Amino acid sequence: MRDLSHSEQSHVDSLNAILECDELEVEFSKNGPVLDRLDENPTAIEFFDEFDNVALGSYLRECNIWFTELSCRWRAKTGSPELGGEFRLRDLYDSILLPPPQFTLETAGASDLAIYEQLRVVDFPQHAGTGHFAAIRIQQHVDPLEMWYYDMRLSTAPGIDSDLVKLDLTYCQYLEALLLTKGVFGWQYLFADITLRGIVFRDTVERLKRMLEVFPELFPDHDYGDLAARLEARL
């Protein structure tokens, strides 16, 4: 097997930190196998017209994790409120060759449906069964490509009429943030232009507060100051 890239090694180390943490219980995890094409151009994409003029630059290849799957479902053994999370990543180029999420005008508005058709899921908590996902938006002449988050409860919040929210993150930044959050449910809202006040987000806020209380002790090599400031700004 080839040597792992810096990004790949960082995410393997992050997964191992979860597995080795005595305070967390891992319900499922998968690591690999790793694909042997780190320095190659994903030429299969060139055969699809939908990727013409889409910015798939070298920086994506550098931060991409070339695994068939890297995933983990975990929860804290003790404490209240319950703290848990999940992530499920795979090779970006395999992900964008898959079909977009399946929605219709009956399940999404016309404006949202146009966005759904451009989305390709890159992080999906499959085992938790939440239905949430993060996706990259495949648009021509947009660089860097946008990241979006889907939450079926989102439109039930006052003043919000969509279950989609754009993230203030690039794909590479999303992967970096995941190293900090370990996939805590709802962490993506820390990077969305949204208020977390109200009953709809009550559990999410409590979960994020607990993350910020315990993670600095569980994972002392990381700085959680920025995440704390982001949560405060949304309350």
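Quick caveat, the model's predicted, so the values are computed rather than measured.
The distance from the OH atom of Tyr116 to the CH2 atom of Trp148 is 10.0 Å, given to the nearest 0.5 Å. In this structure, Met152 CE and Leu164 CG are separated by 13.0 Å, a value rounded to the nearest 0.5 Å. We find the CG-CG distance between Asp223 and Asp221 to be 11.5 Å, quoted to the nearest 0.5 Å. One distance of note links OG of Ser58 with CG of Leu56; it measures 11.0 Å at 0.5 Å rounding. Between the OG atom in Ser162 and the CD1 atom in Ile115 there is a gap of 6.5 Å [rounded to 0.5 Å]. Interatomic distance, NZ of Lys77 versus SG of Cys21, reported as 8.0 Å (0.5 Å rounding).
For the residue pair Gln188 / Tyr174, a side-chain donor-acceptor distance below 3.5 Å is found, with atom types taken as modelled. In the model, Ser155 has no side-chain atom that pairs as donor or acceptor with a side-chain atom of Asp161 under 3.5 Å.
Side chain of Asp163 to backbone of Tyr150: no donor-acceptor contact under 3.5 angstrom is found. The backbone N or O of Ala192 sits less than 3.5 Å from a side-chain atom of Arg234, completing a donor-acceptor pair. A donor-acceptor contact shorter than 3.5 Å is absent between the side chain of Gln9 and the backbone of His6. Between the Glu213 side chain and the Arg210 main chain, no donor and acceptor come within less than 3.5 Å of each other. Looking at Arg73, its side chain never comes within 3.5 Å of a backbone N or O of Glu27 through a donor-acceptor pair.
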Is there a ring pair (Phe, Tyr, Trp, His ring centres under 6.0 Å) between Trp74 and Phe28 once you walk through the steps?
CA-CA 7 Å; Trp74 60 268; Phe28 175 88; over 10 Å; no
Evaluate the side chain to side chain contact (heavy atoms under 4.5 Å, CB included) criterion for residues Leu235 and Leu231: first the C-alpha distance (whole Å), next the side-chain angles of each, then the deciding distance (0.1 Å), finally the verdict.
CA-CA 7 Å; Leu235 297 179; Leu231 179 58; 4.1 Å; yes
Starting from the C-alpha separation in whole Å, work towards a yes-or-no answer on side-chain hydrogen bond (donor to acceptor under 3.5 Å, both in side chains) for Tyr59 and Asn64.
CA-CA 8 Å; Tyr59 60 90; Asn64 183 34; over 6 Å; no
Please determine whether side chain to side chain contact (heavy atoms under 4.5 Å, CB included) holds for the pair Val214 and Phe219, giving the CA-CA distance in whole Å, both sets of side-chain angles, and the decisive distance to 0.1 Å.
CA-CA 9 Å; Val214 303; Phe219 308 110; over 6 Å; no
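Using cut-offs of 30° and 60° for the angle between ring planes, the Tyr224 and Phe215 rings count as perpendicular.
Within the 4.5 Å cutoff, side-chain heavy atoms of Ile194 are placed close to those of Phe201. Put simply, the side chain of Met147 does not reach to within 4.5 Å of the side chain of Arg137, judged on heavy atoms. Within the 4.5 Å cutoff, side-chain heavy atoms of Leu227 are placed close to those of Phe191. Contact annotation: the side chain of Tyr171 never approaches that of Leu145 to less than 4.5 Å [non-hydrogen atoms, C-beta and beyond]. At least one side-chain heavy atom of His11 sits less than 4.5 Å from a side-chain heavy atom of Leu89. No side-chain heavy atom of Glu62 sits less than 4.5 Å from a side-chain heavy atom of Ser7. Residues Leu4 and Val34 meet the side-chain proximity criterion, which asks for heavy atoms closer than 4.5 Å. By the 4.5 Å heavy-atom criterion applied to side chains, Arg153 and Thr204 are counted as neighbours.
Considering Ile65, Leu35, Leu98 as possible partners of Arg90, the one that fulfils the side-chain contact (heavy atoms from CB on, under 4.5 Å) test is Leu98.
Taking each heavy atom of Arg61 and Trp66 in turn, the nearest pair found is O-NE1, 3.3 Å. Of all heavy-atom pairs between Phe133 and Pro101, the closest is CZ-CG, 3.7 Å. Taking all atoms of both residues into account, the shortest heavy-atom contact from Val142 to Pro144 is CG1-O, 3.5 Å.
Applying the ring pair (Phe, Tyr, Trp, His ring centres under 6.0 Å) rule to Tyr149 yields the partners His132, Tyr189; only residues at least two apart in sequence or on another chain are considered. For Thr195, the side-chain contact (heavy atoms from CB on, under 4.5 Å) partners two or more places apart in sequence, or in a different chain, are Arg197. Applying the side-chain contact (heavy atoms from CB on, under 4.5 Å) rule to Ser29 yields the partners Leu15, Leu19, Val26, Cys72; only residues at least two apart in sequence or on another chain are considered.
More than 12 non-hydrogen atoms from other residues, nucleotides or ligands lie less than 6.0 angstrom from CG of Asn53.
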Residues 178-187 side chain polar contacts: donor-acceptor under 3.5 Å, at least two apart:
residue, atom, partner, partner atom, Å
Thr181, OG1, Ala177, O, 3.4
Thr181, OG1, Gly183, N, 3.3
Lys182, NZ, Ser14, OG, 2.7
Lys182, NZ, Leu179, O, 2.9

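Pairs passing the disulfide bond (SG atoms under 2.5 Å apart) check and including a residue from residues 156-198, sequence neighbours excluded, read Cys63-Cys172. Annotation: side-chain hydrogen bond (donor to acceptor under 3.5 Å, both in side chains) contacts involving residues 16-25, sequence neighbours excluded, comprise Glu25-Arg75.
Ion pair Arg207/Asp203 not flagged as a salt bridge, since none of the NZ, NE, NH1 or NH2 atoms sits closer than 4.0 Å to an Asp/Glu carboxylate oxygen.
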